[in-house]
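Right, one structure below, let's go through it.
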2 protein chains.
Amino acid sequence: MDATPRSKATRVTLRDVATEAGVSTATVSRYLNNQAALKPDTIREVERAIERLGYYPDLNARALATRRPSTLGAIIPTTENAIFAEGVEAMQSWLMARDIMLMTVSTRYNPDVEFEQVRRLVAHGVSALMLIGNARPEKTIQFIRSHNIPFCTAWSFQAESDNPQIGFNNFEAAYQMGEKLIGSGHRQIGIIGGVTHYNDRATDRIQGIRQCFADHGYPIDDDMVLETPYHPEDSAVALDHLLAKAPSLTAIFCGNDVLAAGALHRAHERGIVVPDELSITGFDDIALAKILRPQLTTIHLPHRFMGEMAAQALYDAVINHEPVKSLEIPFSIRDRGTLRKPD
Amino acid sequence: MDATPRSKATRVTLRDVATEAGVSTATVSRYLNNQAALKPDTIREVERAIERLGYYPDLNARALATRRPSTLGAIIPTTENAIFAEGVEAMQSWLMARDIMLMTVSTRYNPDVEFEQVRRLVAHGVSALMLIGNARPEKTIQFIRSHNIPFCTAWSFQAESDNPQIGFNNFEAAYQMGEKLIGSGHRQIGIIGGVTHYNDRATDRIQGIRQCFADHGYPIDDDMVLETPYHPEDSAVALDHLLAKAPSLTAIFCGNDVLAAGALHRAHERGIVVPDELSITGFDDIALAKILRPQLTTIHLPHRFMGEMAAQALYDAVINHEPVKSLEIPFSIRDRGTLRKPD
DNA sequence: CTGAAAGCGCTTACAG
DNA sequence: CTGAAAGCGCTTACAG
């Protein structure tokens, strides 16, 4: 009758279930998608067959047939940074509850890798894409747009960008931290920021703090601004440089909490008491911030919430075929133990 | 001219390319898989058509047709713990270089969720699966086995398990840390471990340290052993409990670095000097370990390496249709600043 | 309520 | 070297 081609993993297919149940594949399919009302008897037969055979549908084949969304993609710089890891995990949970898979890949902050990942994910059939931030070569967004794939950027919200964004205003957050520093009496500070190359979060944070100090009449010199990778050791070295150039600095604004942790650690090694002799501020409020001594004064962001909002925005866009709606996420300053007025 | 673009992406298919190039789909497909030697003219035409149309293949359709592996799956407890995040990122890089996607999902340490994720991933067509540890309801592995899907467990290596494992011996590592503690003169210690329910790493670590102390004649009382979630706050509370019950403890063995960080933080808050008045040991050697003050004495594991090895083992199994080969990964103790002989 | 058939985007014997 | 055709595992008008 049927010459079944032998294949390695002998998968149980819809057809097998149909045969077993003595119905057509269409009927089994209908059962699976509980479309039409099937006859109770039929339902029972199908259920028994599925049970007996241990059948489960091939989601890729289904996606091919329906062309309905089954996977979304998230491309983040690195999973090592807890903020992205948490955000993406929240996205995943949210989507999974709606039967959609999230494919997550990372770029290690390399825009070429990011482009490559976009291509891969698109080739793998993701229905929508989340990227981090707005700074990247034009071709990346062009590629996504040309393939008509809904997307949003996240962790950054810039009025000047015309990407759909689910993020927060990094510039403004840094600016407010600046006002806090100035309010506490700091006039001469150093900056240890992330590498700004193709990283708008790092860029905005540095510009925000500088703009604030400039606006208040205390412009920050270029050589008081250092960029380093997001590693504590690099930040430690940066602190040494800053202090060598300007021993009279009273505070260090750090581009994120990891950098702040590194600076804090080095300050301690040098016998500098924080915050008595030197204030240090962070950014992101990762779990680490509350474990350090003193606890970090930093900027709190609802990373999980942001992930969920991104998931929802993409989901809505994909389901309703609407454009992705932007959303600005609020931040807040957590004033803890590393900021104090200078002597 | 052409119909208005549908809201849903109108995909450029192989057939479009074939038409554009004036050849059959088989020929385009052959070009893509550079199988047979095509005529140079043909190649040029196809290349031009692909270029012109911006074609890229649908990997899911290809997977359906070839039944060759295109995705693997990794199921981890949480991406919040850097050790898994790093390991999985390393896996992903390794596999991507070989044109295979890695789908990563997390379970939040819940075995029911894990089972559900296994089903999902299998339904999504992953060719192989990596799970963390060996402790889980039987049905999970049974399900995987019954579907003929190669798999391995990781981050744990237990002689008694018959799962293919790419991991390290948690019991032995904890045992060795115990010898270090005893060698330093500690006789009465407390344990703050992870929740052992369906977590063999947490279980083995606690048993390893207890066995060691028992073997040396200093058995550890049950009420000196606390289990808590992997959060610093929980660990802080645990430390309070331990010290309330036994103020004379000279050291605390923690189930991982996060727990150690929490205990360290609380010790400081209570005015206890570490390691002078109390020693604290960690496990995992995450980045945090070197930022804390003092730096954590802990157990170092090559997480990225482990991820790569797992990727390779699965890849080999899937490509060569061989059983997955187990591999025991070595660990080493990093003696830093939180362990010292008691007064 | 249910089946036969066409189709989703690919690949691959089988011929020529 | 290349094409026609069957097939991968599904779904869904179209009939009845």
Side-chain angles (χ1 to χ4, degrees), chain A residues 2-46 49-50 53-71 99 122-125 127 147, chain B residues 6 8-46 49-50 53-70 99 122-125 127 147:
Chain A
D2 45 6
T4 338
R6 262 302 105 147
S7 154
K8 196 225 145 207
T10 65
R11 181 179 238 290
V12 176
T13 73
L14 226 200
R15 159 151 275 112
D16 297 329
V17 175
T19 306
E20 175 82 11
V23 299
S24 74
T25 58
T27 297
V28 179
S29 180
R30 287 197 189 94
Y31 167 79
L32 258 19
N33 301 283
N34 48 33
Q35 304 259 53
L38 302 180
K39 226 166 50 185
D41 282 6
T42 313
I43 293 184
R44 227 195 31 244
E45 283 307 321
V46 173
I50 288 179
L53 267 31
Y55 170 77
Y56 58 94
D58 178 326
L59 267 28
N60 291 139
R62 173 180 291 173
L64 182 60
T66 62
R67 330 183 85 226
R68 234 184 281 127
S70 77
T71 51
D99 255 327
V122 169
H124 269 281
S127 315
H147 289 291
Chain B
R6 310 250 316 113
K8 193 54 201 164
T10 66
R11 181 180 241 289
V12 176
T13 73
L14 226 200
R15 159 151 274 114
D16 298 329
V17 176
T19 307
E20 175 82 10
V23 300
S24 74
T25 57
T27 297
V28 179
S29 180
R30 287 197 189 95
Y31 167 79
L32 257 19
N33 300 284
N34 49 32
Q35 305 259 53
L38 303 181
K39 225 166 49 186
D41 282 8
T42 313
I43 293 183
R44 227 194 33 241
E45 283 306 321
V46 173
I50 288 178
L53 267 31
Y55 170 78
Y56 58 94
D58 178 326
L59 267 29
N60 290 141
R62 174 180 291 173
L64 182 59
T66 63
R67 331 184 86 228
R68 235 183 280 127
S70 76
D99 255 327
V122 168
H124 269 281
S127 316
H147 289 291

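Naming convention: chains lettered A, B, ... in sequence-line order (proteins, then strands); numbering from 1 in each chain.
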Heavy-atom pair of closest approach, residues Ser70(A) and Ala63(A): OG-CB, 3.9 Å

First of Thr25(B) and Leu14(A) reached from the 5' end of DNA chain D, by closest nucleotide: Thr25(B)

Which nucleotide in dC10(C), dT12(D), dC10(D) has an atom nearest any side-chain atom of Pro57(A): dC10(D)

Nearest-0.5 Å distance, CD1 of residue Ile43(A) to CZ of residue Arg30(A): 12.5 Å

Residue-phosphate contact under 4.0 Å: Asn60(B) side-chain N/O, dC10(C) OP1/OP2: no

Atom-pair distance (NE2 on His124(B); P on dG9(D)), nearest Å: 17 Å

Of Ile43(B) and Ala65(B), the one whose closest DNA chain D nucleotide lies more 5': Ile43(B)

Dot-bracket line, read 5' to 3' along DNA chain D, where crossing pairs take [ ] and | marks a partner on another strand, Watson-Crick or G-U under 3.5 Å: |||.||||||||.|||

Least distance between heavy atoms, Leu53(A) atom then Val12(A) atom: O-CG2, 3.6 Å

Short side-chain N/O contact from Arg67(B) to OP1 or OP2 of dG9(D), under 4.0 Å: yes

Over all atoms of both residues, closest heavy-atom pair of Val28(A) and Ala18(A): CG2-CA, 3.7 Å

Minimum-distance pair of heavy atoms, taken over all atoms of His147(A) and Gly54(B): CE1-O, 3.6 Å

Nearest-Å distance for atom pair CG/C1', residues Leu64(B) and dG9(D): 5 Å

Integer-rounded Å distance: dT11(D) P and Leu59(A) CG: 9 Å

Check: Thr66(A) side chain, Arg62(A) main-chain N or O, donor-acceptor pair, under 3.5 Å: yes

Proximal nucleotide (of dT11(D), dT2(D), dT12(C)) relative to the Thr66(B) side chain: dT12(C)

Thr25(A) side, atom OG1; Leu14(A) side, atom CG - distance, nearest 0.5 Å: 6.5 Å

CZ on Arg15(B) to OG on Ser29(B), rounded to 0.5 Å: 12.0 Å

Per Leu38(B) side chain, nearest of listed nucleotides dT2(D), dC10(D), dC1(C): dT2(D)

Show me the protein contacts with nucleotides 13-16 of chain D, counting only N or O atoms at under 3.5 Å.
from    : atom 1 : to       : atom 2 : distance (Å)
dA13(D) : N6     : Arg30(A) : NH2    : 3.1

Distance test, side-chain N/O of Tyr55(B) to OP1/OP2 of dC10(C), below 4.0 Å: yes

Separation of dC10(D) P from Tyr31(A) OH (nearest whole Å): 15 Å

Contacting residues from residues 15-23 of chain B, given that a heavy atom lies under 4.0 angstrom of DNA chain D: Val23(B)

Nearest-angstrom distance from the residue atom CG of Asp58(B) to P of dG9(D): 16 Å

Which atom of Thr13(A) lies closest to which atom of Tyr55(A), heavy atoms considered: C-CE1, 3.5 Å

Distance, C1' atom - from dG16(D) to dT12(D), rounded to whole angstrom: 16 Å

Proximity to the side chain of Arg62(A) - top-ranked nucleotide from dT2(C), dC10(D), dC8(C): dC10(D)

N or O in side chain of Thr27(B) less than 4.0 angstrom from dG3(D) OP1/OP2: yes

Value rounded to 0.5 Å, distance of OG1 in Thr27(A) from CG in Leu32(A): 11.5 Å

Heavy-atom side-chain proximity of Thr42(B) to Tyr31(B) below 4.5 angstrom: no

Minimum heavy-atom distance between Val122(A) and Arg11(B), given as atom pair plus value: O-NH2, 3.8 Å

Between dC1(C) (C1') and Arg44(A) (CZ): distance, integer Å: 16 Å

Between P of dT2(C) and CG of Asn33(A), the distance in whole Å: 15 Å

Ser29(B) side chain near dT11(C) phosphate (N/O to OP1/OP2, under 4.0 Å): yes

Pairwise side-chain contact, Asn60(A) with Leu64(B), heavy-atom cut-off 4.5 Å (strictly under): no

Residue-phosphate contact under 4.0 Å: Thr13(B) side-chain N/O, dG9(C) OP1/OP2: no

